Amino acid sequence: MEIITADHAGFCFGVRRAIELTEEQIRLNNERPDDKKISLYTCGQLIHNRAVTERLRENGVGEIQSIDQAGPGDTIIIRSHGEPEEFYKKAEAIGVNLVDTTCVFVGRIHQLVHQAAEEGRKVIIVGSRDHQEVIATNGWCQWKGVIIQDVEEAEKWAENFEQGQDDGLPLIVCQTTIRRELLDDILRVLDRYEIRYELKNTICNATRERQDACARLAAEVDMMVVIGDPNSSNSKKLYEIAKKYCKHAVFVRDISDLELKEVHKYNRIGITAGASTPAWIIKEVISSMSQNVITDEKNPMFDYMDQIEDSLRLPKPGEIVEGEVIDVLDNEVIINMGCKKDGILRKDEVTLEEGQKLSDVFKVGDTVEAKVMKSDEGDGGISLSKKKLEMNENYKELKEFMENKESINVEFIRAVNGGVIAQYKQVTGFVPMSQLSDRYVEKADEFIGQRADVKVIRVDDRRNRAVFSRKAVLVEEKRKQVEEIWANLNVGDIVEGKVMRFTDYGAFVDIGGVDGLLHISEISWGKLKHPQEVLSIGDIINVKILALNEEKGKISLGLKQTQPEPWSLVGTKYVVGQVIEGKVVQIKEYGAFVELEAGLDGLVHISEIANKRVDSVSDELQVGQVIKAKIMDIDTDRHRISLSIKATLSDDEDDAEEETAEEN
């Protein structure tokens, strides 16, 4: 005998969530002291399964039929099928605490009909009017919904419906567990009467998948076993489908309803279960059926047992999981991962482009990989994140960039103590203040909102930390710039530079990204005490490269070399007998040196200072004094110029005598 289990059998997301939240309330209540325990109730059956209801009762969860039976301080667990709007208002008035386990898909229907009712539109609910889900849904549209159960009711309603121009299109929603064929049949009726409407197909994806899987399997087996509670609407629909495709189909609540003798007549047996059927009942039925089955590794019973065991294990935070998209809502995606809880991927955990919606990125049936944030976030689901998964990949990228010493582009998003936070894709990194620039930075505010290239200098993906350096990029850029500059420099080149700073021994000049030293002796052909005598900070000057030492990073510059050497022009500017004006720059025992121009001095011998005997030069002249002197001799070979002050005095006397003679 071969036992084959249908895909998507057993608890759906909504039922599983309701059970999880209820078990959590039981646990919390058991932890309270006896005098602090509270009364726990469900209003009606939490789910349509007697075995589950009995287990809850054994664990202290009572069942009431109306909220009026509860008192202040009691806790009511709202069933997965939901409750009408007025239920919540009564609970608030009484002082009852609510734990809402309404299925997220049912809650979405409540939102749709509530909005339509506020807009004054007609609401049509396709489903069973006695089903709690339909009752609750009608309570969210002011009890004015039109409930259509079958084609005959659709015909009667369509015959009498008059479509107004100002009422808006009627909104059609569905009980989540109805068959798609029923909806299609009813829509064909409305189309035949040319009734315009807006359809929101709210049949649960899990329901559609379960029903489709049941139909496929039933057509392939000799016998089909449907496990479910007689009060479960979706379980009964599975039985209808099974009977349609398989001649021998049975509906059982649990193992007590199954005639094992009948089972053993068939070679291939299919198994499916309703959305409110717990795994332990399914396991019990399969185990009993398999007592006479050869224990072969390929036996599907053992595969299914493994699946059940796997479904009991929850993925841990940080684990990367894969699952199938079973529904896409406005703000979250529901993902089936094959365990006892479904994954919830919220919109803010997905990277979307501007204007994108979740439905643009995810489709039912898609296989999705994500990272687990929380194994139990309190509402029965497993919190997932695509962003965190992308962060893992981003951290791998950062490690590669760090190993390869490559730069990345980041945005500085906010200032923090000691630096700034920079964003790279889905991860952030810290940039210390000392690594923001190659200059001193007092406040980081000037960088916020800017983008820049940085180096990755540390990555710790376990602790989700990264450290970036903008300074490293700037230093590297400067190094490359310096290398390029050095490659283009040659001794003897005349280059433009900017005076940056002074020292007692010279000036430093920026020649396009590197500094060179302009020694005080190379500034002027004359003698200087300080560079500031001829230069100022910021001056743009042409300098000559005198020496290069790339290994030590030293460049020697000369300014005077860009000007003619004074002695080379002496013959064209000065002649013997010429009277010049100069400044005394040095006094010796034998005379005084007078500067004709920078780098060109002449000597006034002590005997040529005055028309009298001079015992001491300093008695007649002082350094800095401007005097007139006559050039007596020029020796270009020995670079000597002889001057005479006395000769100018004789000239003055001769001139005075001539003037006196003319007057007489």
Side-chain angles (χ1 to χ4, degrees), residues 14 43-44 66-67 78-93 98 100 102-180 182-205 207 233 327-332 347 355 357-360:
C43 192
S66 168
I67 192 171
I78 297 178
R79 48 192 153 181
S80 58
H81 300 106
E83 293 288 355
E85 184 179 17
E86 64 184 31
F87 185 94
Y88 295 83
K89 295 179 179 178
K90 279 189 177 182
E92 185 177 2
L98 297 179
D100 198 344
T102 303
C103 173
V104 292
F105 307 127
V106 175
R108 181 189 178 201
I109 301 173
H110 295 171
Q111 294 174 0
L112 291 171
V113 301
H114 183 70
Q115 182 178 350
E118 287 188 337
E119 295 170 353
R121 298 166 60 193
K122 182 72 69 179
V123 174
I124 301 170
I125 306 170
V126 179
S128 172
R129 60 174 48 85
D130 296 327
H131 194 282
Q132 173 59 27
E133 180 187 319
V134 174
I135 294 171
T137 299
N138 199 17
W140 283 91
C141 57
Q142 303 169 11
W143 303 103
K144 295 179 181 179
V146 176
I147 301 171
I148 298 179
Q149 298 188 118
D150 50 36
V151 172
E152 289 73 20
E153 290 187 1
E155 287 278 0
K156 291 179 182 178
W157 180 80
E159 286 177 1
N160 300 310
F161 177 70
E162 294 183 5
Q163 192 145 30
Q165 297 295 324
D166 301 325
D167 297 338
L169 296 179
L171 173 68
I172 299 178
V173 296
C174 319
Q175 180 182 326
T176 57
T177 56
I178 68 167
R179 292 180 295 110
R180 175 68 203 222
L182 173 60
L183 174 62
D184 291 340
D185 290 343
I186 291 173
L187 293 179
R188 277 192 285 271
V189 172
L190 303 188
D191 292 340
R192 183 156 39 84
Y193 281 89
E194 298 183 349
I195 296 174
R196 292 178 292 110
Y197 53 81
E198 179 188 2
L199 172 65
K200 293 291 185 181
N201 183 359
T202 53
I203 299 175
C204 177
N205 288 322
T207 298
S233 172
D327 201 16
V328 181
L329 307 177
D330 291 340
N331 292 308
E332 60 190 21
K347 187 175 182 179
K357 298 182 292 187
L358 288 175
S359 58
D360 297 328

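Note that the structure is a prediction, hence the values are computed from the model and not measured.
- At a cut-off of 3.5 Å, with distance as the only test, a side-chain donor of E119 or Q115 sits close to an acceptor on the other residue.
- Under the 3.5 Å distance criterion, the side-chain polar atoms of R121 are matched with a main-chain donor or acceptor of L169.
- The two residues V126 and L183 have their closest heavy-atom pair at CG2-CD1, 4.3 Å.
- Applying the side-chain contact (heavy atoms from CB on, under 4.5 Å) criterion to A117, with sequence neighbours excluded, gives C141, Q142.
- With sequence neighbours excluded, no residue satisfies salt bridge (Lys or Arg N to Asp or Glu O under 4.0 Å) with R108.
- The shortest distance between side-chain heavy atoms of L171 and I124 does not fall below 4.5 Å.
- A heavy-atom distance below 4.5 Å is not found between the side chains of L358 and L329.
- Side-chain contact between W157 and V189 is absent, with no heavy atoms from C-beta onward closer than 4.5 Å.
- Legend: residues meeting side-chain contact (heavy atoms from CB on, under 4.5 Å) with K156, ordered by chain and number and at least two apart, are absent.
- In plain terms, the two heavy atoms of I109 and C174 that are nearest each other are CD1-O, 3.4 Å.
- In this structure, the side chain of D185 does not engage the main chain of V151 through any donor-acceptor pair within 3.5 Å.
- Using a 4.5 Å heavy-atom cutoff, the side chains of F105 and T202 are not in contact.
- Within the 3.5 Å criterion, the main-chain N or O of I135 finds no donor-acceptor partner in the side chain of N138.
- K90 is linked by a salt bridge (Lys or Arg N to Asp or Glu O under 4.0 Å) to D68, counting only residues two or more places apart in sequence or in another chain.
- Remark: D191 engages Y197 in a side chain to side chain donor-acceptor pair (under 3.5 Å) (not counting sequence neighbours).
- The distance from atom OG of S233 to atom CD1 of I178, rounded to the nearest 0.5 Å, is 9.5 Å.
- In this structure, the separation between CD1 on I147 and CD on Q175 is 10.0 Å, given to the nearest 0.5 Å.
- C43 is listed as a side-chain neighbour of E83, based on a closest heavy-atom distance under 4.5 Å.
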side-chain contact (heavy atoms from CB on, under 4.5 Å) between K122 and V146, worked out:
CA-CA 8 Å; K122 182 72 69 179; V146 176; 3.8 Å; yes

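- Residues passing the side-chain contact (heavy atoms from CB on, under 4.5 Å) test with H110 are T102, V106, A136, T137, W140, sequence neighbours excluded.
- In this view, D330 satisfies the side chain to side chain donor-acceptor pair (under 3.5 Å) rule with no residue, not counting sequence neighbours.
- A heavy-atom distance below 4.5 Å is not found between the side chains of K200 and I172.
- Listed by chain and number, the residues in a side-chain contact (heavy atoms from CB on, under 4.5 Å) with D184 are R180, R188 (sequence neighbours excluded).
- At least one side-chain heavy atom of Q132 sits under 4.5 Å from a side-chain heavy atom of R79.
- Summarising the geometry, atom CD1 belonging to I78 is positioned 4.5 Å from atom CG belonging to L98; distances are rounded to the nearest 0.5 Å.
- With sequence neighbours left out, the salt bridge (Lys or Arg N to Asp or Glu O under 4.0 Å) criterion links E153 to R129.
- Qualifying salt bridge (Lys or Arg N to Asp or Glu O under 4.0 Å) partners for E92, counting only residues two or more places apart in sequence or in other chains: none.
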Step by step, would you call D100 with Y88 a side-chain contact (heavy atoms from CB on, under 4.5 Å)?
CA-CA 10 Å; D100 198 344; Y88 295 83; 2.9 Å; yes

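- Rounding to the nearest 0.5 angstrom, the gap separating the CD1 atom in I148 from the OG atom in S128 is 13.5 Å.
- Here H114 pairs with E118 under the side chain to side chain donor-acceptor pair (under 3.5 Å) rule; sequence neighbours left out.
- E133 is linked by a side chain to side chain donor-acceptor pair (under 3.5 Å) to T176, counting only residues two or more places apart in sequence or in another chain.
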